[in-house]
Amino acid sequence: MTAEQKKRLALFLDLSGDYLRDGYKQAREEYRFIDDEEMPPRGTEVQETGTLPMETGHAGGSARPAERGIDSLEAVEEEIRGCTRCPLHKTRTLAVPGEGVKRPLALVIGEGPGAEEDASGRPFVGKAGQLLDRMLSSVNLSRERNCFIINVVKCRPPNNRDPLPEEIVPCGSFLSRQLRILKPLVLLSAGRVSTQTLLNTSEGIGRLRGRFAEYSGLPLLPTYHPSALLRDASLKRPVWEDLKLLRGKLTELDKHYALEIAEGT
Ligand code: URA
């Protein structure tokens, strides 16, 4: 077999995998990318929404994409920013839709914005957020390159109290839409509130963490919230064990990530 034939066969096998995982439409879109060149790693596709801090573009026009049957991150973000579905909108400064890359490897799901997030409109930017960034970076992940970060509620609960069911429930459809659009490979739920919400359980985070569960057909790994680590440094070890599980799962699921890990880059 010539080198060219081998390359075509590898491409075919790769696309067949994508087809089985993502369905025909998605595989066809990826084919457009790789027909002339190599498939780009997840997270490197052109950003078409204002999901990173430096980007400000919002969906314009009168008919919302969701109403035309085409949903987009821009549309979801715009709705989140103007949302009045629950009383949290009355006390928020800014809603926090989330940020990161399109088609992330991992979707990180936190609880809800705190004071810094409420002031900036960005998720996980306070002390806990800085620790989250370091946790992700220890396994070659970041919001700039291959992750997306959201919360189960998009507006700050007063005094950082736990969000109430009547605040979580109306926010649920935003999360579902973000999930459908972003198509992450894995979910990392940070802390008790997001984990219990997604898994619909009252089991404690200490019992839920350390193994993959499933949410919406995707592997979901619960771990401690970074703010818990700031209060109790002994939780860093179990979180590191969780991060290694996450790294292992992503190594199985994404060849570009696996290569990066193997090369130690
Ligand atoms: N804690 C969270 O759960 N989310 C944030 O965005 C910030 C702190």
Side-chain angles (χ1 to χ4, degrees), residues 50-55 73 76-77 79-81 83 86 88-89 91-101 104 106-137 141-144 147-172 174-179 182 184 186-199 201 204-206 208-209 215 220-233 235-236 238-239 242-243 246:
T51 56
L52 282 175
M54 47 279 202
E55 292 175 318
L73 280 181
V76 183
E77 287 174 9
E79 282 181 49
I80 290 172
R81 290 195 177 100
C83 179
C86 86
L88 291 182
H89 80 272
T91 47
R92 76 176 176 223
T93 310
L94 292 172
V96 182
E99 80 181 20
V101 300
L107 179 65
V108 181
I109 307 169
E111 176 180 326
E116 285 97 335
E117 291 78 19
D118 176 70
S120 65
R122 297 178 55 209
F124 280 100
V125 291
K127 274 212 163 72
Q130 288 159 25
L131 179 55
L132 175 67
D133 285 341
R134 291 203 296 282
M135 285 161 51
L136 294 175
S137 149
L141 297 172
S142 73
R143 63 180 93 191
E144 289 81 18
C147 288
F148 202 97
I149 301 179
I150 62 173
N151 287 301
V152 287
V153 294
K154 314 298 188 192
C155 298
R156 183 188 184 205
N159 305 316
N160 296 345
R161 64 157 167 74
D162 284 358
L164 304 169
E166 55 268 37
E167 295 155 357
I168 292 176
V169 171
C171 242
F174 292 135
L175 191 145
S176 312
R177 286 167 66 193
Q178 288 174 311
L179 198 56
L182 290 164
V186 297
L187 310 175
L188 179 71
S189 61
R192 173 181 55 83
V193 171
S194 58
T195 303
Q196 289 181 341
T197 300
L198 295 169
L199 297 181
T201 178
I205 184 67
L208 294 166
R209 62 147 291 276
Y215 178 75
L220 177 142
L221 183 66
T223 195
Y224 291 113
H225 195 285
S227 60
L229 274 62
L230 292 172
R231 292 191 298 269
D232 179 357
L235 299 180
K236 284 186 180 171
V239 166
D242 294 342
L243 290 169
L246 183 69

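Every number for a ligand or one of its atoms is a count from 1 in the order of the listing. What you see is a predicted model, and the numbers here were worked out from it, not measured in a lab. For this chain, numbers begin at 1 and follow the sequence in order.
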> Of Ile109, Asn151, Leu107, which meets side-chain contact (heavy atoms from CB on, under 4.5 Å) against Leu175?
Replying inline: Ile109
> Ion pair present between Asp118 and Arg92, side-chain N to carboxylate O less than 4.0 angstrom?
Replying inline: no
>> Can you tell whether the side chains of Lys127 and Glu116 come within less than 4.0 Å, N to carboxylate O?
In response: no
> Around Asp232, counting heavy atoms of other residues, nucleotides and ligands shown, do more than 12 lie under 6.0 Å from its CG?
Replying inline: yes
>> How long is the straight-line distance from NE2 of His225 back to CG of Leu235, given to the nearest 0.5 Å?
In response: 12.5 Å
> Judged by modelled atom types alone, do Thr195 and Ser189 share a side-chain donor-acceptor pair under 3.5 Å?
Replying inline: yes
>> If the criterion is any heavy atom closer than 4.0 Å to an atom of ligand 1, which residues make the list?
In response: Gly110, Glu111, Gly112, Glu117, Pro123, Phe124, Asn151, His225
